[in-house]
Amino acid sequence: MEPEEKALEWSDKFVSGNKEIDNYHKEIINGVSELYKMCLDTTKYQGQISILVSKIETALIDHMDIEIYYMKKLNIDGYIEHENDHKLYLNKLESYKRHSMPPAVRAILICESARDYMSDHFFKFDLLDIPKINEKLKENNL
């Protein structure tokens with residue numbers, strides 16, 4: 001399968017109604033799409049690939065932290081399952097850092113993890129839980 005076929009594109013189906021979290025989701029999806037394109041010519045984009053991989057990792061981690069922070073703070077049911085699913089992805093990211101591999105290989109692994117996160121986790125957890133966060137934020141005037 002060609003990288004273009006694997007890349008996600010940002011669309012309204014990923015809008016959760018929480019602008020802060022949606023911005024992270026959009027950054028992740030757009031970053032993955034761009035990274036797949038760069039991996040078609042790793043020589044040309046060698047320096048940029050590492051920078052973009054780092055941005056995608058940071059966006060993934062920061063947004064996971066924010067989601068769980070809100071869920072715990074606002075006492076939203078299901079945060080343990082949501083957090084446990086995050087841990088699966090965080091463990092993958094951590095393992096990629098521990099192993100020595102060419103930057104292009106690491107980039108593809110990060111792309112696959114981020115793509116899976118947005119294709120799987122988003123629809124199983126975020127689409128259900130972020131509206132609960134939004135409602136509690138409104139109720140508490142936050």
Side-chain angles (χ1 to χ4, degrees), residues 1-139 142:
M1 189 177 279
E2 288 297 314
E4 299 89 28
E5 295 174 31
K6 291 182 173 243
L8 293 173
E9 289 189 26
W10 177 255
S11 71
D12 288 346
K13 72 180 182 180
F14 292 107
V15 174
S16 69
N18 184 301
K19 191 171 184 170
E20 180 181 20
I21 294 172
D22 285 344
N23 285 337
Y24 280 110
H25 289 155
K26 187 174 184 177
E27 181 179 354
I28 292 163
I29 289 171
N30 289 342
V32 167
S33 180
E34 185 63 26
L35 193 53
Y36 271 124
K37 290 174 189 171
M38 287 180 183
C39 285
L40 292 173
D41 190 351
T42 56
T43 303
K44 180 178 178 182
Y45 296 107
Q46 186 174 2
Q48 293 170 303
I49 288 172
S50 295
I51 292 167
L52 189 51
V53 164
S54 181
K55 282 180 68 175
I56 293 168
E57 282 180 306
T58 299
L60 276 166
I61 293 166
D62 289 351
H63 116 274
M64 287 184 208
D65 288 346
I66 288 168
E67 285 177 0
I68 298 306
Y69 166 78
Y70 281 137
M71 290 185 78
K72 286 180 178 178
K73 179 180 178 167
L74 299 168
N75 197 29
I76 295 173
D77 290 335
Y79 82 85
I80 292 172
E81 294 85 0
H82 196 126
E83 185 174 37
N84 285 340
D85 200 62
H86 280 183
K87 287 177 184 177
L88 297 173
Y89 292 95
L90 292 169
N91 288 339
K92 285 182 185 182
L93 296 178
E94 200 53 45
S95 73
Y96 302 153
K97 286 181 183 180
R98 284 193 311 268
H99 295 87
S100 178
M101 61 184 77
V105 172
R106 186 164 179 265
I108 294 296
L109 290 172
I110 296 295
C111 278
E112 289 295 301
S113 294
R115 183 180 156 273
D116 290 346
Y117 181 88
M118 292 305 303
S119 296
D120 187 43
H121 174 90
F122 177 83
F123 293 103
K124 285 183 181 174
F125 292 96
D126 291 0
L127 213 49
L128 300 172
D129 292 336
I130 294 172
K132 294 175 190 174
I133 291 171
N134 296 341
E135 185 62 33
K136 290 276 191 167
L137 288 171
K138 284 180 187 175
E139 286 175 10
L142 298 175

ask   = Is it the case that more than 12 heavy atoms not belonging to Phe123 sit under 6.0 Å from its CZ atom?
value =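 Enclosed: over 12 neighbouring heavy atoms sit under 6.0 Å from CZ of Phe123.
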task = State whether the number of non-hydrogen atoms from other residues, nucleotides or ligands found under 6.0 Å of Asp77 atom CG is greater than 12.
result =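 No, because the 6.0 Å sphere around CG of Asp77 holds 12 heavy atoms or fewer from other groups.
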Closest approach of [X] and [Y], non-hydrogen atoms and distance?
X      : Y      : answer
Ser16  : Ile130 : OG-CG2, 3.1 Å
Asp22  : Trp10  : O-CH2, 3.7 Å
Leu52  : Gly31  : CD2-O, 3.5 Å
Tyr79  : Ile68  : O-CD1, 4.0 Å
Cys111 : Tyr36  : CB-CZ, 3.6 Å
Ile28  : Ala59  : CG1-CB, 3.8 Å

Do [X] and [Y] have side chains that get closer than 4.5 Å, going by heavy atoms?
X      : Y      : result
Met101 : Leu109 : yes
His25  : Ile21  : yes
Val53  : Pro103 : no
Glu83  : Met71  : no
Leu60  : Met64  : yes
Asp62  : Tyr24  : yes

Measure the spacing between [atom1] of [X] and [atom2] of [Y] and express it to the nearest 0.5 Å.
X      : Y      : atom1 : atom2 : answer
Ile76  : Ile133 : CD1   : CD1   : 5.0 Å
Leu90  : Glu57  : CG    : CD    : 10.5 Å
Met38  : Thr43  : CE    : OG1   : 13.5 Å
Phe122 : Asp116 : CZ    : CG    : 15.0 Å
Tyr45  : Leu35  : OH    : CG    : 11.5 Å
Ser100 : Arg106 : OG    : CZ    : 11.0 Å

Ser54 side-chain N/O to Ser50 backbone N/O, donor-acceptor pair under 3.5 Å =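 No, the answer is negative, given that no donor and acceptor are paired below the 3.5 Å cut-off.
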inquiry  = Do His82 and Asp126 pair up side chain to side chain, a donor and an acceptor below 3.5 Å, judged on atom types alone?
reply    =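 There is such a pair between these side chains.
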key: Lys/Arg N to Asp/Glu carboxylate O, Asp129 vs Lys132, below 4.0 Å   =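 Answer for the salt bridge query: yes.
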query = Salt-bridged, Glu34 to Lys55, with N to O below 4.0 Å?
reply =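 Between Lys55 and Glu34 there is no salt bridge, as every charged N stays at least 4.0 Å from the carboxylate O atoms.
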message = My understanding is that only one of Leu127, Leu128, Asp120 makes a side-chain contact (heavy atoms from CB on, under 4.5 Å) with Lys124; could you say which?
response =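 When side-chain contact (heavy atoms from CB on, under 4.5 Å) is applied between Lys124 and each of Leu127, Leu128, Asp120, only Asp120 qualifies.
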query = What orientation do His86 and Tyr117 show, parallel under 30°, tilted 30 to 60°, or perpendicular over 60°?
reply =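 His86 vs Tyr117 ring planes: tilted.
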